[in-house]
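Bear in mind that the values here come from a model prediction, so they are computed numbers and not experimental data. Every chain is numbered from 1, with letters handed out A, B, ... down the list of sequences. What you see below is based on every heavy atom in this structure, not just the backbone, and it leaves out hydrogens, waters and symmetry mates.
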There are 2 protein chains.
Amino acid sequence: MIRALLVDDHQLFGEGVRSMFKPNDGIEIVKITTNGNNVPSILSEIEVDMILMDISMPLIDGVGVLELMKSKGLDVPVLMLTMHQDMKYIRKSLETGAQGYILKDASKAELTEAIEKVSRRENYFHPKINNQIFDYLRGTKNPSQGDLVDQLSDREKEIIGCIGKGMNSKAIAEALFISEHTVKTHRRNIMHKLAVKNTAELVTYSMEKGII
Amino acid sequence: MIRALLVDDHQLFGEGVRSMFKPNDGIEIVKITTNGNNVPSILSEIEVDMILMDISMPLIDGVGVLELMKSKGLDVPVLMLTMHQDMKYIRKSLETGAQGYILKDASKAELTEAIEKVSRRENYFHPKINNQIFDYLRGTKNPSQGDLVDQLSDREKEIIGCIGKGMNSKAIAEALFISEHTVKTHRRNIMHKLAVKNTAELVTYSMEKGII
DNA sequence: TTCACGATACCACTTTAGGGGTATGCGCTC
DNA sequence: GAGCGCATACCCCTAAAGTGGTATCGTGAA
């Protein structure tokens with residue numbers, strides 16, 4: 001029986017995955033937490049064979065939890081379980097030490113296989129992202145030739161999200177508790193980084209790249 | 001026993017939710033489909049009391065499935081089950097006739113309550129989005145039925161395409177061999193028809209609707 | 001310990017968008 | 001033939017975006 005810890009902010013998803021595994025599947029979700037910050041204390045209390053981790057979570061994201069674990073010397077294999085098919089997330093996860101990467105639209109059989117492999121400290125990649133892995137490995141001859149989107153900071157992406165919702169600089173400033181000047185500076189930097197002429201093109205580009 | 005059909009492209013989520021409901025919960029997911037286009041044929045084969053529907057799906061989105069059902073005269077209460085907290089999605093869902101709206105980070109208890117209410121053709125809204133519903137109802141005296149995009153003329157869609165490419169009014173005027181004044185008039189009319197505040201929101205909305 | 005970067009903030013300025021009108025000609029329909 | 005939607009075009013004006021700088025502070029890397 002593989003004992004797994006699930007880290008996901010979506011309660012429904014978590015309870016769903018837990019109920020999905022029957023005793024004879026050989027897998028048991030022994031604990032679910034919606035807050036990645038609790039992972040170290042949980043690991044000190046109970047013993048698990050692997051961790052199933054969502055990437056996008058509000059308080060601390062999956063990569064952040066991986067870093068937190070590493071800083072505390074916690075060595076438990078982690079399977080990233082996410083909707084993001086972007087190379088950005090995959091790369092970040094692998095760089096930070098994830099053992100595998102699977103998409104949320106995987107089947108139960110695929111998830112079972114992934115959990116088994118990761119718990120044995122083998123790598124697992126979902127078939128859907130294999131091509132991207134190859135493309136990425138082929139493309140890493142020239143690291144500067146990355147995606148323009150990768151140059152954006154988290155704050156800048158946050159600003160982009162607000163812009164897409166139709167908020168103007170003043171509204172964004174109030175929402176983020178910063179000055180309107182700062183928002184305008186961010187907008188300028190974003191436009192330079194993405195090499196776009198105006199807000200319309202910025203929104204188009206960002207939506208195509210999945211930032212919005 | 002409430003018999004539910006689940007429409008979600010994320011297999012894991014679907015199987016998870018299905019396993020979550022035990023016989024004594026009074027709810028059974030009798031069928032899961034990852035393709036919304038199959039909903040009409042499924043409804044003709046099996047009998048269900050309600051439909052649990054994800055909004056963002058690749059082949060046809062949740063709102064599209066609702067429209068498809070309506071066009072075929074299929075009258076089964078639908079609970080939208082999604083991650084999107086945006087009023088835009090909520091509005092579209094309600095306009096197209098969804099009976100309820102719940103977020104994917106809801107608890108099992110909340111989902112159970114929602115399914116029960118919707119199967120009785122009562123409305124259900126997740127507590128987290130109640131405020132947005134109120135704001136919406138306050139702001140909309142005139143509930144416009146039908147899709148806003150349908151009101152756009154071909155010329156207006158052409159203008160929208162240019163805006164999305166980052167062209168300003170002057171550039172659009174030159175490209176279409178018309179006056180800049182005319183372009184500005186078009187932009188104004190477009191924004192009124194789509195009920196958006198500015199160009200950024202216009203682009204976001206248009207891309208979601210597939211105009212761009 | 002520098003040094004780079006991100007987030008913050010401000011000034012001054014030009015260009016563009018956005019909102020209020022009004023108007024004409026064309027094609028279609030009732 | 002009167003009305004309607006659409007594309008066209010112009011006026012005036014305000015608000016916002018966009019461009020050119022500069023600058024402080026904290027953090028983390030070299």
**Q** Round to a whole Å and report the spacing from CD of E156(B) to P of dT8(D).
**A** 10 Å
**Q** Determine whether V118(A) and L52(A) satisfy the following criterion, side-chain contact (heavy atoms from CB on, under 4.5 Å), listing intermediate values before the conclusion.
**A** CA-CA 10 Å; V118(A) 167; L52(A) 262 167; over 6 Å; no
**Q** Are the charged groups of E15(A) and R18(A) less than 4.0 angstrom apart, N to O?
**A** no
**Q** Grab the NE2-P distance between H181(B) and dC10(D) for me, whole Å please.
**A** 5 Å
**Q** Would you mind reading off the distance between I163(B) atom CD1 and dT16(C) atom C1', rounded to a whole angstrom?
**A** 12 Å
**Q** Quick one: do S206(B) and V196(B) satisfy side-chain contact (heavy atoms from CB on, under 4.5 Å)? Show the steps, please.
**A** CA-CA 10 Å; S206(B) 301; V196(B) 293; over 6 Å; no
**Q** Could you go through the side-chain contact (heavy atoms from CB on, under 4.5 Å) check for L176(B) and V183(B) one step at a time?
**A** CA-CA 9 Å; L176(B) 301 184; V183(B) 176; 5.7 Å; no
**Q** Heavy atoms under 4.0 Å is the rule here; annotate nucleotides 18-25 of chain C 5' to 3' with B where the base is hit, S where only the sugar-phosphate is, and - elsewhere.
**A** BBBB----
**Q** Tell me whether the count of non-hydrogen atoms from other residues, nucleotides or ligands lying under 6.0 Å of NZ in K104(B) goes above 12.
**A** yes
**Q** Counting only side-chain nitrogens and oxygens, does S153(B) get under 4.0 Å of the OP1 or OP2 atom of dA7(D)?
**A** yes
**Q** Is R155(A) paired with E158(A) through a side-chain N to carboxylate O contact shorter than 4.0 Å?
**A** yes
**Q** Taking 4.0 angstrom as the limit, do K117(A) and E113(A) come out as a salt bridge?
**A** yes
**Q** Can you tell me if H186(B) touches the phosphate of dT8(D), counting only side-chain N or O atoms and a distance under 4.0 Å to OP1 or OP2?
**A** yes
**Q** At less than 4.0 Å, is any side-chain N or O atom of T182(B) found next to OP1 or OP2 of dA7(D)? Yes or no.
**A** no
**Q** Ion pair present between R121(A) and D75(A), side-chain N to carboxylate O less than 4.0 angstrom?
**A** yes
**Q** Do side-chain atoms of N189(A) reach the backbone of H192(A) as a donor and acceptor pair under 3.5 angstrom?
**A** no
**Q** Which parts of residues 167-180 of chain B get close to DNA chain D, meaning a heavy atom less than 4.0 angstrom away?
**A** I178(B), S179(B)
**Q** Would you mind reading off the distance between I159(A) atom CD1 and dA17(D) atom P, rounded to a whole angstrom?
**A** 12 Å
**Q** Could you give the CD-to-P distance, from E67(A) to dG28(D), as a whole number of Å?
**A** 11 Å
**Q** Just call it for K157(B): base, sugar-phosphate, or nothing, with non-hydrogen atoms closer than 4.0 Å on any strand.
**A** nothing
**Q** Provide, to the nearest angstrom, the distance between the CD atom belonging to Q151(B) and the P atom belonging to dA7(D).
**A** 14 Å
**Q** Please report the distance, rounded to the nearest Å, between CD in E158(B) and P in dC6(D).
**A** 15 Å
**Q** Just how far, in rounded Å, is P of dC6(D) from CG of L152(B)?
**A** 9 Å
